[in-house]
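To find a chain, count down the sequence lines: A is the first, B the second, and so on, and within it residues start at 1. Treat the numbers as computed from the prediction; the structure is a model and nothing was measured. These values consider heavy atoms only, across backbone and side chains, with no hydrogens, waters or symmetry-generated copies.
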There are 2 protein chains.
Amino acid sequence: MKISFIWDSFPDLVSRVKKLIHMFSKTCQYAIKAVIYIHKQSLEGKKVGAKEIGQEIDAPDAFTAKILQVLVRQHVVGSFKGPTGGFFVDKSHESKTLKDVVLAIDGDQLFQGCSLGLNQCSEENPCPLHFEIKNVRTKIINMLTIKSLKQLAEEVGDGTTVLARLA
Amino acid sequence: MKISFIWDSFPDLVSRVKKLIHMFSKTCQYAIKAVIYIHKQSLEGKKVGAKEIGQEIDAPDAFTAKILQVLVRQHVVGSFKGPTGGFFVDKSHESKTLKDVVLAIDGDQLFQGCSLGLNQCSEENPCPLHFEIKNVRTKIINMLTIKSLKQLAEEVGDGTTVLARLA
DNA sequence: ATCATAAAGGATAAAATTATCCTTTATTAT
DNA sequence: ATAATAAAGGATAATTTTATCCTTTATGAT
């Protein structure tokens with residue numbers, strides 16, 4: 001029997017409170033967390049299932065599975081079907097960075113195009129934010145490429161704290 | 001009689017092509033463009049209506065009107081009802097910046113909270129992106145506050161090119 | 001060969017964002 | 001006062017994003 005809470009009556013209000021983020025879509029955040037988790041487990045030679053990943057990163061598992069499909073297609077992580085199957089990374093994924101994850105999931109929105117959505121915006125005919133945005137983007141790209149996913153995974157604490165850190 | 005085009009059959013594909021942006025929500029982009037346009041017109045002492053604004057910035061007018069309601073409530077711009085009414089800015093809005101617009105529309109998502117959506121993320125227990133993101137945010141805030149909206153409006157070309165520049 | 005397991009994929013649903021329409025309220029001109 | 005104008009506000013719809021469920025396909029264990 002499902003217990004219902006008072007805030008279930010105000011879904012929009014709750015969502016507004018929850019949504020204190022941005023820059024990456026929610027899907028992309030899940031993807032980043034999932035990939036780091038996979039890397040962490042692969043460091044210990046373990047393959048992991050979509051369900052487990054979903055639980056560890058606090059994301060719905062079916063949705064996590066969908067995201068993982070994309071990441072596999074884009075060769076950000078690898079997968080095997082069947083028993084003993086799951087998601088993993090190997091040598092071939094070692095140099096992948098967060099930028100690869102963001103590109104696979106959100107596309108190049110964050111890196112390309114006018115941030116005001118102007119059609120005419122260019123170096124010659126820049127929008128009021130053009131050069132500033134360019135600057136910010138350089139920083140973002142730097143942030144997303146300065147370390148490999150493997151390195152990031154190594155920096156995230158040991159097994160016992162992963163959940164706390166990625167949920 | 002409405003003419004229908006081949007791409008009307010592929011709404012999702014078309015939308016994917018159109019969406020080459022991000023960092024600001026679409027609503028926020030409209031807001032920025034609208035506010036700059038209002039400033040520009042106010043420089044010439046003109047008040048402008050929601051419909052006109054919508055057309056100039058290439059946004060649906062009814063939706064533009066909604067956005068303007070918020071901006072008025074947050075004192076980013078002023079408005080008057082009735083004939084000769086419209087939206088405008090005066091001395092009291094002179095020091096407003098893009099950050100005020102972004103805050104009014106998107107809230108502080110872009111500035112606050114963990115970019116990966118982690119609950120435990122803090123200075124003491126930082127997520128893998130914590131300090132990098134902090135860096136990027138400093139840049140973004142700088143970009144959004146370094147010039148007042150008035151200054152930005154003054155930099156956008158003369159009346160004849162506004163449409164091209166803000167559409 | 002058969003069965004169990006787990007990813008892949010398709011179809012559908014819920015929630016959030018973006019967009020439209022229509023009524024009400026305030027203000028000005030006549 | 002009355003009519004005309006434009007913003008404010010409410011209700012609703014379309015689109016996009018996020019989420020769920022169920023079937024199919026591949027793989028390993030027995």
Side-chain angles (χ1 to χ4, degrees), chain A residues 7-22 24-31 34 38 46-55 57-74 77-88 105-107 109 117, chain B residues 7-19 21-22 24-31 34 38 46-54 57-74 77-88 105-107 109 117:
Chain A
W7 53 77
D8 289 344
S9 317
F10 305 95
D12 55 327
L13 183 64
V14 170
S15 78
R16 261 170 217 294
V17 173
K18 278 188 183 168
K19 156 194 100 158
L20 284 169
I21 340 132
H22 226 53
F24 307 121
S25 71
K26 206 170 175 188
T27 304
C28 191
Q29 292 177 23
Y30 290 157
I38 293 169
K46 296 180 198 155
K47 286 209 230 24
V48 283
K51 196 185 251 178
E52 174 185 343
I53 297 174
Q55 280 157 4
I57 69 175
D58 197 29
D61 5 338
F63 191 52
T64 303
K66 287 290 183 204
I67 297 170
L68 289 167
Q69 283 179 28
V70 176
L71 293 174
V72 169
R73 260 186 255 125
Q74 304 289 318
V77 298
S79 71
F80 267 114
K81 286 184 178 179
T84 79
F87 297 91
F88 66 93
I105 302 296
D106 279 349
Q109 324 167 343
Chain B
W7 52 78
D8 290 342
S9 317
F10 306 97
D12 54 327
L13 182 64
V14 171
S15 78
R16 263 171 216 292
V17 172
K18 279 188 183 167
K19 159 194 98 159
I21 339 132
H22 227 53
F24 307 122
S25 70
K26 206 170 174 188
T27 304
C28 192
Q29 293 177 23
Y30 289 158
I38 293 170
K46 295 182 199 155
K47 289 210 231 18
V48 281
K51 195 186 251 178
E52 175 185 343
I53 297 173
I57 69 175
D58 197 27
D61 2 339
F63 192 53
T64 304
K66 288 288 184 207
I67 296 170
L68 289 167
Q69 283 178 27
V70 176
L71 294 173
V72 169
R73 261 187 254 126
Q74 305 288 318
V77 298
S79 71
F80 269 114
K81 287 184 178 179
T84 78
F87 299 91
F88 66 94
I105 302 297
D106 278 349
Q109 322 167 345

### Query
Over how many whole Å does the gap from A/Gln69 atom CD to D/dC21 atom P extend?
16 Å
### Query
Considering all heavy atoms of both residues, which atom of B/Phe88 and which atom of B/Ser79 are nearest to each other, and what is their separation?
CE2-N, 3.3 Å
### Message
Less than 4.0 angstrom between a side-chain N/O of B/Tyr30 and OP1 or OP2 of C/dT18, yes or no?
### Response
no
### Query
Touch check for B/Ala50, heavy atoms < 4.0 angstrom, all strands: base, sugar-phosphate only, or nothing?
sugar-phosphate
#### Entry: From D/dT18, C/dT20, D/dA7, nucleotide with atom closest to B/Lys81 side chain
D/dA7
### Spacing of A/Asp61 atom CG relative to C/dT5 atom C1', expressed in whole Å
16 Å
#### Entry: Interatomic distance, B/Phe63 CZ vs D/dA7 P [rounded to whole Å]
17 Å
### Query
Just wondering, are more than 12 heavy atoms of other shown residues or ligands nearer than 6.0 Å to CZ in B/Phe80?
no
### Task
For A/Lys47 and A/Thr84, work out which heavy atoms get closest and say how close.
NZ-O, 3.3 Å
### Message
It should be established whether A/Lys47 places a side-chain nitrogen or oxygen under 4.0 Å from OP1 or OP2 of nucleotide C/dA6.
### Response
no
### Query
In whole angstroms, how far is the C1' atom of D/dA8 from the CD1 atom of B/Ile67?
15 Å
### Query
With a non-hydrogen cut-off below 4.0 angstrom, is B/Lys66 in contact with a base, only sugar-phosphate, or nothing?
base
### Query
Atom CD of A/Gln29 and atom C1' of D/dA19: how far apart are they, to the nearest Å?
16 Å
### Message
D/dG28, OP1 or OP2 - any side-chain N/O from A/Thr84 closer than 4.0 Å?
### Response
no
### Query
In terms of side-chain heavy atoms of A/Pro83, which of D/dT20, C/dT5, D/dT18 is nearest?
C/dT5
### Query
Once you round it to whole Å, what is the distance between P of C/dA19 and CD1 of B/Ile105?
13 Å
### Task
Please determine, for the side chain of A/Arg73, which listed nucleotide (C/dG9, C/dT28, C/dA19) has the closest atom?
C/dG9
### Task
Mark yes or no for whether B/Asp106, through its side chain, and B/Ser25, through its backbone, hold a donor-acceptor pair below 3.5 Å.
yes
### Task
Using whole Å, report how far NZ of B/Lys51 lies from C1' of D/dA8.
16 Å
### Message
Regarding A/Val48, tell me which of base, sugar-phosphate or nothing describes its non-hydrogen contacts under 4.0 Å with the strands shown.
### Response
sugar-phosphate
### Message
Closest approach to the side chain of A/Phe87, judged atom by atom: which nucleotide of C/dA8, D/dT20, C/dT27 is it?
### Response
C/dA8
### Query
Would you say D/dA8 has OP1 or OP2 under 4.0 Å from some side-chain N or O of B/Ser79?
yes
#### Entry: Residue pair B/Ile38, B/Leu68: steps toward the side-chain contact (heavy atoms from CB on, under 4.5 Å) verdict
CA-CA 10 Å; B/Ile38 293 170; B/Leu68 289 167; 3.8 Å; yes
### Side chain of A/Pro60 - closest among C/dC21, C/dT28, D/dA19
D/dA19
### Query
Tell me: CG of A/Asp106 to P of D/dT17, nearest whole Å?
9 Å
### Summary
Residues B/Gly54 and B/Thr64: closest non-hydrogen pair is CA-OG1, 3.6 Å
### Task
Would you kindly compare A/Phe80 and B/Gly85 by the position of their nearest DNA chain D nucleotide and give the one closer to the 5′ end?
B/Gly85
